[in-house]
Amino acid sequence: MKVKYRDLSVKDEKMKNELLQAIDKILSKGQIMLGPEVEIFENQVADFCKKKYAVGIGSGTMSLFMALRALDIGEGDEVITTPLSWIATLNAIILTGAKPIFVDVNKDFNINTCLIEDAITSKTKCILPVHFMGKICNMPEIMKIANKHNLFVIEDSAQAFGASIDGKMAGAFGHLGCFSMNPMKIFSAYGEAGLILTDDKKMYEKILSMRYLGTVNRGDCLYTSLNGKIDTIQAAILNIKFKYLEDRIKKSQEIAKFYNNALKDIVTCPLTETSEHVYLSYTILTPKRNELMEFLTSNDIETKIQYPVLMPNHSAYKGKYKFNAPVAKQLADQMLSLPNQDYITMDEASYVADKVIQFFN
Ligand SMILES: *Cc1c(COP(=O)(O)O)cnc(C)c1O
């Protein structure tokens with residue numbers, strides 16, 4: 001048996017036909033920039049996340065950059081985040097001119113809220129928590145700290161579409177919630193896509209303008225900005241994918257439950273199944289990570305380390321930012337993501353679990 005980590009080919013014939021029809025409709029009509037598909041996409045996501053406004057953006061990275069700039073964050077400002085994320089988070093912060101401040105994570109991969117207040121200075125403008133691999137951060141606590149110190153909160157919800165705490169969705173807690181809908185995410189297009197959520201009408205209008213080079217309807221330019229429009233064909237694809245999303249999340253939670261039961265006595269399974277978690281990846285921890293990965297590869301099982309290098313340790317940034325994050329460092333050394341979600345069958349999941357167990361025996 002061969003188990004891929006991710007398989008982006010479309011297996012569901014019904015869904016494939018719906019996708020092709022949606023694209024066909026756009027090609028026939030000829031409205032290929034913005035248009036009704038984008039509005040439907042935005043309204044659907046705003047409703048799902050119980051927020052007033054959503055703006056479709058060209059990518060998750062661009063959504064983070066535009067969210068920061070919409071709040072006028074830039075040179076001289078500090079943004080608190082963690083070292084454990086996809087490099088997009090850090091690049092977006094740095095490109096605004098702001099300085100990133102790294103706070104360590106908990107064993108659940110997310111920012112340790114007990115350490116945030118110590119990192120706040122007179123220059124701090126914003127807390128930017130990352131809902132790592134589908135697990136939502138302790139947002140009630142983060143909002144409490146932000147309100148106390150009068151800070152903005154931008155949620156990097158790229159990995160956690162659909163995760164929630166007591167019915168409140170990831171991306172809906174902060175002043176702005178940013179998403180990526182790239183092909184690797186839970187709610188995924190077949191190309192680049194992203195989105196920003198807000199309840200603030202002024203912010204909404206500003207971000208609408210910012211995604212169109214800072215103009216209002218291609219007229220007067222109000223803000224120095226980039227082209228951040230979402231692609232209409234991707235929005236149409238996401239409107240189809242949205243119908244299949246709930247099942248997909250259920251499947252990834254089902255597989256997580258299966259892995260947890262099968263593996264919890266053998267390796268550390270840091271995350272139990274709750275609505276707080278949509279399992280973009282299913283990640284275990286073991287000091288024998290590299291050996292296990294090699295063993296699984298030799299048994300035709302693809303796994304991934306997400307991410308082996310902490311953001312500030314990438315070559316572009318190494319040595320530039322002081323940070324102390326022993327937990328993040330340990331996680332990066334021990335984490336391994338197993339194949340999960342609807343990319344695999346239950347039979348394949350059980351083959352993966354058997355091989356992990358065999359390795360440790
Ligand atoms: C994927 C991702 C992004 C960037 O999204 P893109 O759509 O690829 O630009 C940002 N932050 C995190 C945590 C991500 O996983």
Side-chain angles (χ1 to χ4, degrees), residues 5-6 8 41 45 54-69 79-96 100 102-103 105 108-111 126-137 139 142 153-163 170-171 173-174 176-197 207 210-211 226-231 233-235 237-238 241 252 277-283 304-312 314 316-317 328 331-332 335 337 340-341:
Y5 183 71
R6 296 280 187 261
L8 299 183
F41 167 64
V45 175
V55 185
I57 301 285
S59 74
T61 313
M62 188 62 94
S63 76
L64 287 169
F65 177 74
M66 294 211 159
L68 288 158
R69 290 304 303 140
V79 175
I80 293 176
T81 191
T82 75
L84 187 65
S85 180
W86 175 226
I87 195 67
T89 311
L90 182 54
N91 286 354
I93 295 170
I94 304 254
L95 281 172
T96 67
F102 300 100
V103 166
V105 294
D108 73 349
F109 308 100
N110 284 339
I111 192 163
C126 177
I127 307 173
L128 199 159
V130 180
H131 305 314
F132 196 77
M133 290 295 152
K135 166 84 159 65
I136 187 168
C137 296
M139 288 313 300
I142 292 169
V153 173
I154 297 175
E155 289 173 74
D156 185 342
S157 313
Q159 304 186 346
F161 192 96
F173 287 84
L176 298 172
C178 295
F179 293 91
S180 166
M181 280 82 180
N182 87 21
M184 304 301 288
K185 310 299 193 206
I186 285 267
F187 179 28
S188 51
Y190 290 101
E192 308 294 339
L195 178 131
I196 301 176
L197 284 179
I207 295 165
M210 285 183 69
R211 81 168 170 193
L226 297 168
N227 175 7
K229 294 191 296 299
I230 189 170
D231 181 84
I233 289 179
Q234 296 309 326
I237 284 172
L238 286 162
K241 294 292 290 284
S252 76
H277 203 313
V278 294
Y279 292 93
L280 178 65
S281 77
Y282 181 86
T283 305
K304 247 198 176 149
I305 303 168
Q306 279 163 317
Y307 303 94
V309 180
L310 298 178
M311 292 192 298
H314 279 263
Y317 305 120
L331 293 175
M335 63 189 2
S337 299
N340 78 326
Q341 295 180 35

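Order of appearance sets the numbers: ligands from 1, and atoms from 1 within every ligand.
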Okay, side chain of [X], backbone of [Y]: is any donor-acceptor separation there less than 3.5 Å?
{"X": "D108", "Y": "K135", "answer": "no"}
{"X": "S63", "Y": "I196", "answer": "no"}
{"X": "Q234", "Y": "G191", "answer": "yes"}
{"X": "N182", "Y": "G60", "answer": "no"}

S59 and ligand 1 - part of the residue with a heavy-atom distance under 4.0 Å: both

Heavy-atom nearest neighbour in the protein, as seen from [atom], with distance rounded to 0.1 Å:
{"atom": "atom 11 (N) of ligand 1", "value": "D156 OD2, 2.8 Å"}
{"atom": "atom 8 (O) of ligand 1", "value": "N182 ND2, 2.9 Å"}
{"atom": "atom 9 (O) of ligand 1", "value": "T61 OG1, 2.5 Å"}
{"atom": "atom 10 (C) of ligand 1", "value": "A88 CB, 3.5 Å"}

Which of the numbered atoms in ligand 1 are under 4.0 angstrom from any heavy atom belonging to [X]?
{"X": "K185", "answer": "1 (C), 2 (C), 14 (C), 15 (O)"}
{"X": "W86", "answer": "1 (C), 2 (C), 3 (C), 14 (C), 15 (O)"}
{"X": "S85", "answer": "13 (C)"}

Which label fits F132 and Y307: parallel for a plane angle under 30°, tilted from 30 to 60°, or perpendicular past 60°? perpendicular

Rounded to the nearest 0.5 Å, the CG atom of L197 sits from the CD atom of E155 at a distance of 8.5 Å

The single option from T81, D156, T82 passing side-chain hydrogen bond (donor to acceptor under 3.5 Å, both in side chains) against T89: D156

Indicate yes or no: does an N/O atom of V130 lie under 3.5 Å from an N/O atom of ligand 1? no

